[in-house]
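The next block holds one structure in the form of structure tokens; read it before the comments.
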There are 2 protein chains.
Amino acid sequence: MIAGVAACENWCATVLEGVVKLSKILPDGRQQIVALLFPGDFLGRPFQAEFPYTAEAATDVHLCCYSRTSFEGLLRDHPKFKQAFLERTLDSVDVARDWMLLLGRKTAREKVATLLLTIMARSAKPGSERGNVETELVLPLTRTEMADYLGLRLETVSRQLRQLEASGAIRRCDVRRILVLAEEKLAAAAGPPDGSESLQPSGSL
Amino acid sequence: MIAGVAACENWCATVLEGVVKLSKILPDGRQQIVALLFPGDFLGRPFQAEFPYTAEAATDVHLCCYSRTSFEGLLRDHPKFKQAFLERTLDSVDVARDWMLLLGRKTAREKVATLLLTIMARSAKPGSERGNVETELVLPLTRTEMADYLGLRLETVSRQLRQLEASGAIRRCDVRRILVLAEEKLAAAAGPPDGSESLQPSGSL
DNA sequence: CGCGTCCTTGAGTATCCTCAACTGCCGTGG
DNA sequence: CCACGGCAGTTGAGGATACTCAAGGACGCG
């Protein structure tokens, strides 16, 4: 179990529990979270000494760690494993580019609503078939982190959450806990769906 | 040689000449260019029937095309090739995430300056060792396309270019041709460099 | 109890967007 | 040959969204 910032140059890991954020930080303090890693996601950068991000635990995290070189050996020796890793990496590209659309072209309202839907989708247990009942979702991020993920300021995130609540889409039970009252309203607030929806949101890097 | 929009579901290609833009388009018309493909870059999405982007020629383009399945066969049968493709794909993730930082956290000025530097770097001939002389660079994009890549409006791009000219960093010879008078000024306008600079800008997807 | 962190809310503002007019260029066709 | 329309770009005026700054509340911890 690890909490805090990790260097992540000579090792890789699989997230077992919790959420890890990957971010880029400018010298002047501006920060952009570039990915959220949920259980099952891979953390690391094979075939390169430099790890080009800052990895930080967003919640308490359990990792399954291994050395970078041994992971590279695994990829070398097991074609099927390598194939799976390649497909995951291709998915990571798609996920990053989806987020580019959000960062570049969506309004603050749409950004926040999209984030809630994304967290809901990714933190759902794979097996649990949820009906249309109200879903409670636990935010793994602070307001500042949400802002850094969405390209907004924390005050803006706070205000948009309040407005989503006013619209009846959600209810803020608690700072970290949000009840999704009307998923369709939330989806509407998230803006028009991209024409080419990817099927499975799996495989972050 | 191909110009126009391509479906790109059952084939892949390598860009031989020209520039291809990959974009995501929302039903309401909002558009985000998610990658620019220069000569040597790969175009396609193996292991998936859906191609999740719109590919469009930004300039006249020469492609080396092959069927998706045959490319997948190549990956299957040639581990070294697969390795190279995997590393390129990993680089693509990094490139996309670098751009996320730009989209989420940079000002209009910084965005435009960064774009110019990026285009300069990517369109430089690999062999040509350029001294500190003034470099002329040819934009492969219209103002609208630059805006769609940067998450701005075309008017804003136009104004920022004028201001960069006023600052003495560049000179607009022509709508499409820009003379970089002072690369260090341009770099300054592009904002603080990211702490973890990747070494080679190669390998888009 | 006091302090620090996170969050909320308000007031004022700046950046970037919207709308609109105008220019230059180019290809078409009278 | 020149008029015309369309497209790309520039520029200006005005406005909206999101930011900045600031104050205050809630909560946890020493």
Side-chain angles (χ1 to χ4, degrees), chain A residues 3-4 21 26 28-33 56-60 102-116 138-166 170-178 189 191, chain B residues 3-4 21 26 28-33 56-60 102-116 138-166 170-178 189 191:
Chain A
K21 50 184 178 137
L26 256 21
D28 62 10
R30 283 179 289 179
Q31 182 167 8
Q32 177 67 47
I33 295 179
E56 209 168 337
T59 64
D60 282 352
L102 174 141
L103 290 172
R105 289 297 178 214
K106 293 202 169 182
T107 64
R109 172 70 60 87
E110 291 170 335
K111 285 177 175 180
V112 172
T114 304
L115 176 61
L116 294 182
V138 179
L139 298 175
L141 303 176
T142 65
R143 296 291 183 267
T144 303
E145 289 166 337
M146 293 172 70
D148 284 342
Y149 195 24
L150 298 172
L152 297 171
R153 306 268 86 184
L154 67 99
E155 297 95 328
T156 304
V157 173
S158 185
R159 280 186 251 267
Q160 293 301 331
L161 284 173
R162 185 165 51 76
Q163 290 182 34
L164 283 173
E165 182 166 32
I170 63 169
R171 195 159 70 80
R172 289 179 294 175
C173 312
D174 161 5
V175 172
R176 288 284 189 139
R177 303 168 83 82
I178 286 186
Chain B
K21 50 183 179 139
L26 256 22
D28 61 11
R30 284 179 288 179
Q31 182 166 8
Q32 178 66 45
I33 295 179
E56 209 169 336
T59 63
D60 282 351
L102 174 141
L103 290 172
R105 288 299 179 213
K106 292 201 170 182
T107 64
R109 173 70 60 87
E110 290 170 335
K111 286 177 175 180
V112 172
T114 304
L115 177 60
L116 294 182
V138 179
L139 299 175
L141 303 176
T142 65
R143 296 288 184 267
T144 303
E145 289 167 337
M146 293 172 70
D148 284 341
Y149 196 24
L150 298 171
L152 297 171
R153 306 268 85 183
L154 67 98
E155 297 94 329
T156 304
V157 172
S158 184
R159 281 186 251 267
Q160 294 301 332
L161 284 174
R162 185 165 50 77
Q163 290 182 34
L164 283 173
E165 183 166 33
I170 63 170
R171 197 159 69 81
R172 289 179 295 174
C173 313
D174 161 6
V175 171
R176 289 283 189 141
R177 304 167 84 82
I178 286 186

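Proteins get letters first, then strands, A, B, ... in listed order; numbering begins at 1 in each.
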> More 5' along DNA chain C: A:Arg105 or A:Arg176, using each one's nearest nucleotide?
Replying inline: A:Arg176

> Atom CZ of A:Arg153 to atom P of D:dA22: distance rounded to whole Å?
Replying inline: 15 Å

> Per the side-chain hydrogen bond (donor to acceptor under 3.5 Å, both in side chains) rule, which among A:Gln160, A:Arg171, A:Arg172 passes with A:Glu165?
Replying inline: A:Arg172

> Tell me, which of residues 107-115 of chain B have any heavy atom that sits under 4.0 Å from an atom in DNA chain D?
Replying inline: none

> Which pair of heavy atoms, one from A:Glu110 and one from A:Thr114, lies closest together, and at what distance?
Replying inline: O-OG1, 2.6 Å

> Is there a side-chain contact between B:Leu161 and B:Met146, using heavy atoms and a 4.5 Å cut-off?
Replying inline: yes

> In whole Å, what is the span from the CZ atom of B:Arg30 to the P atom of C:dC17?
Replying inline: 13 Å

>> What is the distance, to the nearest angstrom, from the CD atom on A:Gln163 to the P atom on D:dT17?
In response: 10 Å

>> Counting C-beta onward and ignoring hydrogens, is there a side-chain heavy-atom pair between B:Leu103 and A:Gln32 closer than 4.5 Å?
In response: no

> Once you round it to whole Å, what is the distance between C1' of C:dA14 and CG of B:Leu152?
Replying inline: 15 Å

> Side chain of A:Glu145, backbone of A:Thr142: donor and acceptor closer than 3.5 Å?
Replying inline: yes

> D:dG9 C1' sits how many Å from B:Ile178 CD1, rounded?
Replying inline: 12 Å

> Around atom CZ of B:Arg177, are there more than 12 heavy atoms of other residues, nucleotides or ligands at under 6.0 Å?
Replying inline: no

> Taking NZ from A:Lys106 and P from D:dA18, how many angstroms apart are they, rounded to a whole number?
Replying inline: 13 Å

> How long is the line joining CG of A:Leu103 and P of D:dT17, in whole Å?
Replying inline: 20 Å

Report, one pair per line, the protein and nucleotides 8-10 of chain C atoms (nitrogen or oxygen only) whose separation is under 3.5 Å.
from	atom 1	to	atom 2	distance (Å)
C:dT8	OP1	A:Arg143	NH2	3.2
C:dT8	OP1	A:Arg172	NH1	3.0
C:dT8	OP2	A:Arg143	NE	2.7
C:dT8	OP2	A:Ser158	OG	2.8
C:dT8	O5'	A:Ser158	OG	3.2
C:dT9	OP2	A:Arg162	NE	3.0
C:dG10	N7	A:Arg159	NH1	2.9
C:dG10	O6	A:Arg159	NH2	3.3

> With side chains defined as the heavy atoms from C-beta onward, is the minimum distance between A:Ile178 and A:Leu164 less than 4.5 Å?
Replying inline: no

>> If we ignore hydrogens and angles and just use 3.5 Å, is the side chain of B:Lys21 paired with the main-chain N or O of B:Ile33 as donor and acceptor?
In response: no

>> Can you confirm whether A:Asp148 sits close enough to B:Arg105 that some side-chain heavy atom of one is under 4.5 Å from a side-chain heavy atom of the other?
In response: yes

> What is the distance from CD of B:Gln160 to C1' of D:dT11, rounded to the nearest Å?
Replying inline: 14 Å

